[in-house]
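Contents: one structure, followed by commentary.
Convention: sequence-line order gives letters A, B, ...; per-chain numbering from 1.
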There are 2 protein chains.
Amino acid sequence: MGRAVPTGEPKARIMSEHKIRNMEEFAALSGLSRPTVSKYFNDPASVRPKTRERIEAALERYDFRPNIFAVNQNRSLTKNVGIVVPYLADPFFAEIARVIELRCIEAGYSPTLYSAHGESRLENEILSGLTALKPAGVFLAPLGRISDRAAIERFCRDVPTVLFDSNIEDMGEAFVGSDNFSFVQQTVDYLCRTGAPPAFFEMRNPANPNANKRRHAYLKIMEDAGLEPHVISVEGQGWGFEEIGRQGAHDLFASGELKTDTILCSNDRLAIGLLAACYERGLRVGRGEGCALRVASHDDHPFSRFTCPALTTAAHEYEAVADKCMETLFSLIESGGRFETRTETLIPARLILRASA
Amino acid sequence: MGRAVPTGEPKARIMSEHKIRNMEEFAALSGLSRPTVSKYFNDPASVRPKTRERIEAALERYDFRPNIFAVNQNRSLTKNVGIVVPYLADPFFAEIARVIELRCIEAGYSPTLYSAHGESRLENEILSGLTALKPAGVFLAPLGRISDRAAIERFCRDVPTVLFDSNIEDMGEAFVGSDNFSFVQQTVDYLCRTGAPPAFFEMRNPANPNANKRRHAYLKIMEDAGLEPHVISVEGQGWGFEEIGRQGAHDLFASGELKTDTILCSNDRLAIGLLAACYERGLRVGRGEGCALRVASHDDHPFSRFTCPALTTAAHEYEAVADKCMETLFSLIESGGRFETRTETLIPARLILRASA
DNA sequence: GAAAGAAATTAACGCGCGTAAAGAAAATTG
DNA sequence: CAATTTTCTTTACGCGCGTTAATTTCTTTC
């Protein structure tokens, strides 16, 4: 496991040579037998250094890669790793997937990225296709509420799976994600410490379970602080969160029902929409003089640094989540794909103060 | 080609049955011979309707999928399609990749998404790995300037490739992308028609060739209009365009060298950074009264609708690009992977007027 | 219902590689 | 140097499926 297998990087080749068809031929050109070369590709350290040198010299000259389909045919497990996210065009998922993917590559695996594009039908097809690839493991951020539980359960029985981002009870061998309570606690604490307690701005029917956890956290924290909670649930379907936030904010401001000058958004994408609405209405957002509203949020979306004003938010520890994901997968693979008990790792948030609150 | 192969969607299975090991076993359970079943999987229409029904009934019951590695081992071509982009965490690429991927799925292919993460080393590894997958075709948006030309050229010799987004001369069988000249023409025309001629705001050493084409287009258009061009090139490396734009804008404003009230950004991500800088400096952007600056840009980045103010931009026709990509790949596959002559399709921009200019 | 045509079956080979067993060759040890 | 251990070679089988050729069985047609 985790051995450094050569990956056929571009090198100066001898072009006059015809293309190598198979390992037999390559072995002959290396002056070795096929089983030895096969051993090398399974673990370069398993052959004598001198033999290894000969193979690697031949590799320089002839640009040969074992046929990936033939290699995997008899294997019960491959070096494939699947990374499945609900919607890759959401920069948050693009970013977390990016970090995990890079970690996988570093560890010598072949990660493949999949997006369910917000549809449970596609999520199912991805999982069923992934099963056929016999991956060593899969990182799955499920769609959430609209996921096909039965399909995911079936998948997790066949493939060692680490859930991330969105937890689904008892699904997969482990869960790695952010601690939603910590997110909300930090933002609410900060906002209360520096001004009025926040109202909570969210989508009414979020597909993602984290949204519900954040609402519950908000309610609990406000209650514990003896403060009256104020939840604003806006309507909207699909993955256009910014537009939903923008529309919802316009409706909110028009209704005149907002009783505070501090809004905590469930996530940054809603906040981005809300800030756009504020700008459109000439509402100045920030903590300074002449500001009508403070806005904070959660996720540290890649774009939250560049909103106007820049968004105060509770950040995911992207690197830490990715590291923990990898670590979990490694021990999962070492345990033969199953854990005795399902572990859940919740990584706390890091508060990032910017100009919006 | 393009046949509707069943994809093993979740169905009610008879759980008591043991798992099918191979096609032989599945054929027996269907009451048919393996070659017939094999024929079916290659083309469901190639067997008698009655036979087809029997297989599909068995498929309902037993949840069998041909071993993907064994299937592809002897094939010189698979139904795999690769989609390679330079940086998937850039929402522009995430969006165009999303649309192309969905089109591929609709067409019955198995698309796989790859991101070079901004590194030519990874781009090379993706291509060399992709070659091994014997894909029917590949959509490649190369890194651009830092791409390893020789590696890409070698890849294109082995695999039918359609370049998109970034053109590299004579590389691949075809290119599909947006018409940078049209982008700049529309924005410059609009800006000149409604106010002062724009200065052009760009990165000094853009990796992406489109940036150079846009600068040239700007210079040409200004020249033809008898106007003096003014190019502002800001420093910066990597993929953090927003931050580069923000820093560059601050430097620009601090220097006092800006001689116009109209800025045309090379792309939306730079513009997002520039708008953030404007906000931070209290510069009001827009075309209305009391605005210090007009800002327009190119790409119709998914967030350009939500900047403050919303960004006037020349939009890619995402759908049209994706459609043309698919169309090109289809005819490429039908032509056996090679075109007589390399075609270049440039799709004009669509101007989107918003509040920023 | 017989002849012609279509579709399925049987049998067999090949793809490229993993892997195991047995023996030969090389490296290591005392 | 001989004895031992390690590594490599030879030989051979198996994986699951594509594919072909020769037959057999089923459909269609008149």
### Task
Assess whether salt bridge (Lys or Arg N to Asp or Glu O under 4.0 Å) is satisfied between B:Arg52 and B:Glu56, documenting all intermediate values.
CA-CA 6 Å; B:Arg52 185 170 164 175; B:Glu56 277 163 3; 3.4 Å; yes

### Task
Calculate the interatomic distance between A:Asn22 atom CG and C:dG14 atom C1'; express it in whole Å.
12 Å

### Task
Between protein and nucleotides 19-29 of chain C, map the contacts as a letter string: B base, S sugar-phosphate only, - none, heavy atoms under 4.0 Å, written 5' to 3'.
B------SS--

#### Entry: Dot-bracket line, read 5' to 3' along DNA chain D, where crossing pairs take [ ] and | marks a partner on another strand, Watson-Crick or G-U under 3.5 Å
||||||||||||||||||||||||||||||

### Task
List for me each residue that meets side chain to side chain contact (heavy atoms under 4.5 Å, CB included) alongside B:Gln73, sequence neighbours excluded, and say none if there are none.
A:Phe69, A:Ala70, A:Gln73

### Task
Go through the structure and list residues passing salt bridge (charged side-chain N to carboxylate O under 4.0 Å, His left out) with A:Glu344, not counting sequence neighbours.
A:Arg342

### Task
Could I get the full list of salt bridge (charged side-chain N to carboxylate O under 4.0 Å, His left out) partners for A:Arg21, not counting sequence neighbours?
none

### Task
Could I get the full list of side-chain hydrogen bond (donor to acceptor under 3.5 Å, both in side chains) partners for A:Lys39, not counting sequence neighbours?
none

### Message
Test of understanding: with ring pair (Phe, Tyr, Trp, His ring centres under 6.0 Å), list the residues that count as partners of B:Phe93, not counting sequence neighbours.
### Response
none

#### Entry: Residues which pass salt bridge (charged side-chain N to carboxylate O under 4.0 Å, His left out) with B:Glu319, listed by chain and number, not counting sequence neighbours
B:Arg103

### Query
Does A:Glu123 have any salt bridge (charged side-chain N to carboxylate O under 4.0 Å, His left out) partners at least two apart in sequence or in another chain, and if so, which?
none

### Pairing residues for B:Ser38 by the side-chain hydrogen bond (donor to acceptor under 3.5 Å, both in side chains) criterion, not counting sequence neighbours
none

### Task
Map A:Asn72 and B:Ala70 onto DNA chain C by nearest heavy atom, then report which one ends up closer to the 5' terminus.
B:Ala70

### Query
Using a cut-off of 4.0 Å on non-hydrogen atoms, how would the nucleic acid contact of B:Asn74 be classed: base, sugar-phosphate, or nothing?
base

### Task
With a 4.0 angstrom cut-off to heavy atoms of chain B, pull out the first and last contacting nucleotide of DNA chain D, in 5'-to-3' order.
D:dG16 to D:dT27

### Query
Of all residues at least two apart in sequence or in a different chain, which pass the side chain to side chain contact (heavy atoms under 4.5 Å, CB included) check with B:Thr51?
B:Leu32, B:Thr36, B:Val47, B:Arg48, B:Ile55

### Query
How do A:Val47 and A:Gln73 order along DNA chain D: which one's closest nucleotide is nearer the 5' end?
A:Val47

